[in-house]
Amino acid sequence: MNVSHASVHPVEEVPTTEAAVPVAGENLHVPVVRMKDIQGMPGTVGGLSLRISQFVFGAAALSIMASTSDFPSVTAFCFLVAAAGLQTLWSFSLAITDVYAILVRRSLQNYRLVSSFTIGDGVTSTLIFAAACASAGITVLIDNDLGNCAQNHCVQFETATGMAFICWFTTVPSFLLNFWSLASR
């Protein structure tokens, strides 16, 4: 019998040599060991909370910017709407994947899956950051340099830009954790 000694490898239960065969209609409950799951990675509650916050802030930036009537006249604002829309769709789809993985207790540490999450997070975080920076530049131009806030929706533009930056701040940890998980293989 090949059983580790408790002094070398602490074991709570000594494994049996008999194979457990489930009887018809009876479920065999095998504990699932998930050792490399760190909160914030896909398939964890921390990862789900990051995805939900990305979705909420991306949707807020999208809806606030799209609610103004003159956002289509500025390319940076159109870019913010497109980037926030893409971020919202990406975060929502991965939140659904995280909910599924949590409910069925699956680990999402497959190499190809983590690669696609890393690439997607990298692309969407870069786009939302670039759009937020461009929109911030335009809002500073309109407010401080031109002094045209009375004629424009400066408060909505600034709020949408702030929401896009917060969305980026919640996207970066997801990207870094996925990249770290991918690089540590």
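- If you take CD1 on Ile96 and OG on Ser91, they are separated by 11.5 Å, rounding to the nearest 0.5 Å.
- Tracing side-chain contacts under 4.5 Å through hydrophobic residues (I, L, V, M, F, W, Y), one never reaches Leu50 starting from Val172; they form parts of separate clusters.
- With Gln156 contributing its side chain and Ile64 its backbone, the two residues share no donor-acceptor pair below 3.5 Å.
- The side-chain contact (heavy atoms from CB on, under 4.5 Å) test with Leu62 singles out one residue from Leu86, Leu80, Val81, and that residue is Val81.
- Shown here is Phe165, whose CZ atom has more than 12 heavy atoms of other residues, nucleotides or ligands within 6.0 Å.
- Linking ILVMFWY side-chain heavy atoms closer than 4.5 Å, directly or via other members, places Val99 and Val104 in two distinct hydrophobic clusters.
- In terms of modelled atom types and a separation under 3.5 Å, the side chain of Ser93 and the main chain of Trp90 share a donor-acceptor contact.
- Contact of the Phe79 side chain with the Leu127 side chain is registered, since non-hydrogen atoms from C-beta on lie closer than 4.5 Å.
- Between atom CZ of residue Phe117 and atom OG of residue Ser115 there is a gap of 10.5 Å, rounded to the nearest 0.5 Å.
- Taking all atoms of both residues into account, the shortest heavy-atom contact from Ser135 to Ala76 is OG-O, 3.4 Å.
- Residues Asp98 and Pro42 meet the side-chain proximity criterion, which asks for heavy atoms closer than 4.5 Å.
- Listed by first then second residue, pairs satisfying ring-ring contact (aromatic ring centres under 6.0 Å, His included) with a partner in residues 56-78 read Phe77-Phe157, not counting sequence neighbours.
- Under the 4.5 Å side-chain contact rule for hydrophobic residues, Met163 and Phe55 do not share a cluster.
- Checked against Ser53 for a side-chain contact (heavy atoms from CB on, under 4.5 Å), the options Thr171, Leu48, Thr170 give a single hit: Thr170.
- To the nearest 0.5 Å, atom CG of residue Leu182 and atom OG1 of residue Thr118 are 5.0 Å apart.
- At a threshold of 4.5 Å between non-hydrogen side-chain atoms, the residues Leu113 and Thr97 do not count as touching.
- Taken from OG1 in Thr124 to CZ in Phe129, the straight-line distance is 14.0 Å, to the nearest 0.5 Å.
- Distance check: Ile166 CD1 to Gln54 CD gives 13.0 Å after rounding to the nearest 0.5 Å.
- Under a hydrophobic clustering in which Ile, Leu, Val, Met, Phe, Trp and Tyr are joined whenever their side-chain heavy atoms come within less than 4.5 Å, directly or via other members, Leu89 and Trp168 fall into different clusters.
- Side-chain contact check for Ile102 versus Thr44: every heavy-atom pair is 4.5 Å or farther apart.
- Residue Ala132 comes nearest to Ala164 through the heavy atom pair CB-CB, 3.8 Å, listed as atom of the first residue, atom of the second, then distance.
- Judged by distance alone, the side chain of Ser181 and the main-chain N or O of Leu177 form no donor-acceptor pair under 3.5 Å.
- One hydrophobic cluster holds both Val74 and Met65 under the rule that ILVMFWY side chains link at heavy-atom gaps under 4.5 Å.
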